[in-house]
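Worksheet for the structure shown next.
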Amino acid sequence: MSEASKSLNFLEHIIEDDLKKGFPKDQLRFRFPPEPNGYLHIGHASSICLNFGLGLRYDSPVNLRFDDTNPVKEEQEFVDAIKRDVRWLGYEWDTERYASDYFQQLYDWAVILIKKGKAYVDSQSSEEMAAQKGTPTEPGMHSPYRERSVEENMALFEAMKRGEFEEGTHVLRAKIDMGSSNMLMRDPIMYRILHKAHHRTSTDWCIYPMYDWTHGESDYIEQVSHSFCTLEFAMHRELYDWFLDQVYDDKKVRPKQREFARRNLSHTVVSKRKLLKLVEGGVVNGWDDPRMPTISGLRRRGYTPESIRNFANTIGIAKRDNLIDVSLLEFHVREHLNKIAPRVMGVLDSVKIVISNYPEGEEEWLEAENNPEDPAAGTRLVPFSREIYIERNDFREEANRKFFRLKLGGEVRLKNAYIIKAESCSKDADGNITEIQCTYDPKSKSGSGTEESLRKVKGTLHWVSIKHALEAEVRIYDRLFLDESPDTHKDKDFMEFINPDSLKVIKGYLEPSLKNAKIEDRVQFQRLGYFCVDPDSTSEKLVFNRTVTLRDTWAKIQQKS
RNA sequence: UGGCCUAUGGUGUAAUUGGCAACACAGCUGGUUUUGGUCCAGUCGUUCUAGGUUCGAGUCCUAGUAGGCCAACCA
């Protein structure tokens, strides 16, 4: 969809209104502000697409700013992973920033607040302060240290900075209103003492600013015009504005915080704590496990950046609670892969067919279309011979008219090859079919143009020549949770809803053209789904991940009966 | 008991700002097809409730109801 024809979401309306009121378009500026303490997931993708999409729409710079004010949890590893994921999604930031770049400026401003009597050092324990904080329905009480003199506050704050105190002994608090109905305005903490090395500033600082004091001022320093965050920060806006008022120069752009509802995807969880539990509990094999809703997991699963961007644009941005069905994400990856993924044949649950009237030892290479959606993709050759594999569930000894696959006495088209007829089958002692004996019509070769080749047969099957088949490991992934919203049940833990069959590892037989498939190559196994080559692949052993099945109306028909 | 936010098909978002409720997904019916894929056509709504303003209300007003968020030296 072109940007011009797309309807506007409420944040775009806010920007349009600002523009209409005279805000200069060339001063529009956005930012994506992750905390480097974990991996990006599908929820972040929405925010990334929102902010960077706005940048593209208005031709405005977008900063990537790491909100790194807590050295206890933050690491360089996450910075690198986040940058890689944002790039992979297809976005370029204007400048790479760190809240830690502003520590000195923030400190200088804090000194100004102290001197104006708007901040003070509190020397109580966190328990004492919590007790004085009040509740949502009762006002708080003043700290006994609230009326310290400017001189005393300055001396204490400077000593905090010099590292003369233990962690937890003092904090710097903004002096606002302990009676406010907004708990965040009840003298919020601006600085705490932390004797921890920071991933960028090392041991330069032993006091670290809190989120509220940092975020708005960072937006201001960067001259971000519109600062978009999720709804749980709505109450923070009053504080954001209060802090801004303390330093604001009206010749500069004043950042505007607005909040949107985070997007929830069905059949998954997204909180860092829960994701970590899945990783540490061994439920999945790491942060990039293809079942994880992380960007790196989706990448390994075979999702394309374009499909994720289209998904994000389709679900839009609003303020109400939501639960987006994962089938919408699956639709977008199918839509994209349908256009770009080469078609190949692979049999995942095989049963052997012997074509009794096909000469023993003979083989021929048949032409096959690489992608019916894209003629420019060309053709390839696939080998055919007397013994082939087909999918076990593509054969039944007897079946009704609705089953238009192979049955005894029935005919079926082998994709790109011949029409065959099932004559008989062999079984083992347990009654399992071990081999199907067929005959073929030599004149029915696909594309030969003969009358026989033009015959209409209802079913078409994919197949693989046994002699030429490539063996591969195929990982069949399904959704990780059976419940659409596993972590919103009051009396049940989300771990109770884990799908025990979210991964099946099987052996598949593939056509030989896949021999040189490279890691991250994406293909469609015809009639089965989209698959991609996993990084675990080696030259000896191919490993494929199933990204998503094809739409399967046959499965629906079967379910109904 | 306080404050803030939200309410439109099964799902997600729109509605030229007070003027024929639209788009996508999912579901269901058919058609096309050498993938039961793709593609095409059709189908699926008391805009949370009750009042009010108005020629006209999803949109404005009032009162309810329901859901979410708010008491970390986290972000």
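Chain naming here is simple, since letters A, B, ... match the order of the sequence lines and numbering starts at 1 in each.
- Distance check on atom C1': B:rG9 versus B:rC74 gives 40 Å, rounded to whole Å.
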Listing time: all N or O pairs from protein to nucleotides 9-12 of chain B that are below 3.5 Å?
unit_1, atom_1, unit_2, atom_2, d
B:rU11, O3', A:Leu323, O, 3.3
B:rU11, O2', A:Leu323, O, 3.1
B:rG12, OP1, A:Leu323, N, 3.2
B:rG12, O2', A:Ile315, O, 2.8

So what does the secondary structure string of RNA chain B come out as, 5' to 3', with Watson-Crick or wobble pairs under 3.5 angstrom, [ ] for crossing and | for pairs with another strand? .((((((..((((.....[..)))).(((((.......)))))....(((((..]....))))))))))).....
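- For B:rG36, the OP1/OP2 oxygens have no side-chain nitrogen or oxygen of A:Lys556 closer than 4.0 Å.
- Residue-level contact check: A:Arg551 touches the backbone only, with heavy atoms under 4.0 Å from sugar-phosphate atoms and none from bases.
- Interatomic distance, A:Met129 CE to A:Asp187 CG, rounded to the nearest 0.5 Å: 10.5 Å.
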Derivation of the salt bridge (charged side-chain N to carboxylate O under 4.0 Å, His left out) call for A:Arg237 and A:Glu259: CA-CA 9 Å; A:Arg237 188 152 106 200; A:Glu259 312 82 18; 3.0 Å; yes
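- The separation between A:Asn182 atom CG and B:rC70 atom C1' is 8 Å, rounded to whole Å.
- Counting non-hydrogen atoms under 4.0 angstrom, A:Gly447 reaches a base of the nucleic acid.
- The side-chain ring of A:Trp554 is stacked on the base of B:rG36, judged by centre separation under 5.5 angstrom and plane angle under 30 degrees.
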Evaluate salt bridge (charged side-chain N to carboxylate O under 4.0 Å, His left out) for A:Glu330 paired with A:Arg551, printing each intermediate quantity in order. CA-CA 10 Å; A:Glu330 292 171 346; A:Arg551 266 187 79 226; over 6 Å; no
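- Comparing the P positions of B:rC5 and B:rC44 gives an interatomic distance of 38 Å, to the nearest angstrom.
- You'll find that the side chain of A:Gln524 is closest to B:rU35, out of B:rU35, B:rG68, B:rG2.
- Every residue meeting the side chain to side chain contact (heavy atoms under 4.5 Å, CB included) condition with A:Asn63, not counting sequence neighbours, appears here in chain and number order: A:Arg29, A:Arg31, A:Asp94, A:Thr95, A:Arg97, A:Glu222.
- A:Asp18 meets the side chain to side chain contact (heavy atoms under 4.5 Å, CB included) test with A:Ile14, A:Lys21, A:Phe23, A:His226, A:Lys256; sequence neighbours excluded.
- Listed nucleotides: B:rC28, B:rG2, B:rG36. Nearest to the side chain of A:Asp552: B:rG36.
- A:Leu184 comes within 4.0 angstrom of no nucleic acid atom, judged by non-hydrogen atoms across all strands.
- Applying the salt bridge (charged side-chain N to carboxylate O under 4.0 Å, His left out) test to A:Lys443 and every residue at least two apart in sequence or in another chain returns nothing.
- Remark: A:Arg186 CZ to A:Asn182 CG distance equals 8.5 Å, nearest 0.5 Å.
- Between B:rU54 and B:rU16, the distance separating the two P atoms is 23 Å to the nearest Å.
- Nucleotides B:rU29 and B:rU34 are separated by 25 Å at their C1' atoms, to the nearest Å.
- Counting any heavy atom pair closer than 4.0 Å across all strands shown, A:His13 reaches a base atom.
- A:Phe403 comes within 4.0 angstrom of a base, heavy atoms only.
- By the rule that a glycosidic angle within 90° of 0 means syn, B:rU17 counts as syn.
- Using a 4.0 Å heavy-atom cutoff across all strands shown, A:Arg334 reaches no nucleic acid atom at all.
- If you take atom P in B:rC4 and the same atom in B:rC28, they sit 46 Å apart, rounded to whole Å.
- Counting non-hydrogen atoms under 4.0 angstrom, A:Tyr211 reaches a base of the nucleic acid.
- Checked against side-chain hydrogen bond (donor to acceptor under 3.5 Å, both in side chains), A:Thr203 has no partners two or more places apart in sequence or in another chain.
- Remark: the A:Glu373 side chain and the B:rG37 base include a donor-acceptor N/O pair separated by less than 3.5 Å.
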Filtered N/O pairs between nucleotides 71-73 of chain B and protein, under 3.5 Å:
unit_1, atom_1, unit_2, atom_2, d
B:rC73, N4, A:Gln124, O, 3.2
B:rC73, N4, A:Gly168, O, 2.8

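- Under the 4.0 Å criterion applied to side-chain N and carboxylate O atoms, A:Glu167 and A:Arg192 are not assigned as salt-bridge partners.
- Within the 4.0 angstrom heavy-atom criterion, only backbone atoms of the sugar-phosphate kind lie near A:Lys560; the bases stay farther away.
- Remark: the separation of the C1' atoms in B:rA26 and B:rG68 is 26 Å, to the nearest Å.
- For B:rU34, its base never sits under 3.5 Å from the side chain of A:Glu369 at any donor and acceptor pair.
- Residue contacts for A:Thr69: at a heavy-atom cut-off of 4.0 Å it reaches the sugar-phosphate backbone alone, with no base atom in range.
- With both ends at atom P, the span from B:rA15 to B:rC60 equals 13 Å, rounded to whole Å.
- The base of B:rU35 lies outside donor-acceptor range of the side chain of A:Arg527, with no N or O pair under 3.5 Å.
- By the 4.0 Å N-to-carboxylate-O rule, A:Asp394 lies close enough to A:Arg527 to be salt-bridged with it.
- For the salt bridge (charged side-chain N to carboxylate O under 4.0 Å, His left out) condition, the pairs that include at least one residue of residues 122-144 of chain A, sequence neighbours left out, are A:Asp122-A:Arg173.
- A donor and an acceptor atom, one from each side chain of A:His336 and A:Thr304, are located under 3.5 Å apart.
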Close N or O pairs between protein and nucleotides 57-59 of chain B (under 3.5 Å):
none

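- To the nearest angstrom, C1' of B:rC5 lies 14 Å from CD of A:Glu238.
- Counting distance only, with no hydrogens placed and no angle test, the side-chain atoms of A:Ser446 and the base atoms of B:rU34 include a donor-acceptor pair under 3.5 Å.
- With sequence neighbours left out, the salt bridge (charged side-chain N to carboxylate O under 4.0 Å, His left out) criterion links A:Asp325 to no other residue.
- Taking atom C1' in both B:rG30 and B:rG36, the straight-line distance is 15 Å, to the nearest Å.
- When rounded to the nearest whole Å, the span between NE2 of A:His332 and P of B:rC25 equals 8 Å.
- Every residue two or more places apart in sequence or in another chain that forms a side-chain hydrogen bond (donor to acceptor under 3.5 Å, both in side chains) with A:Glu232 is listed here: A:Thr230, A:Arg262.
- Distance from the side chain of A:Ser327 is smallest to B:rC25 among B:rU17, B:rC5, B:rC25.
- Remark on RNA chain B: of its neighbouring residues A:Lys445 and A:Met235, the 5'-side contact belongs to A:Met235, judged by nearest-heavy-atom nucleotide.
- Among residues two or more places apart in sequence or in another chain, the side-chain hydrogen bond (donor to acceptor under 3.5 Å, both in side chains) test is passed with A:Glu217 by none.
- A:Asn37 comes within 4.0 angstrom of nothing in the nucleic acid, heavy atoms only.
- For A:Phe525 and A:Phe544, the ring centers are positioned less than 6.0 Å apart.
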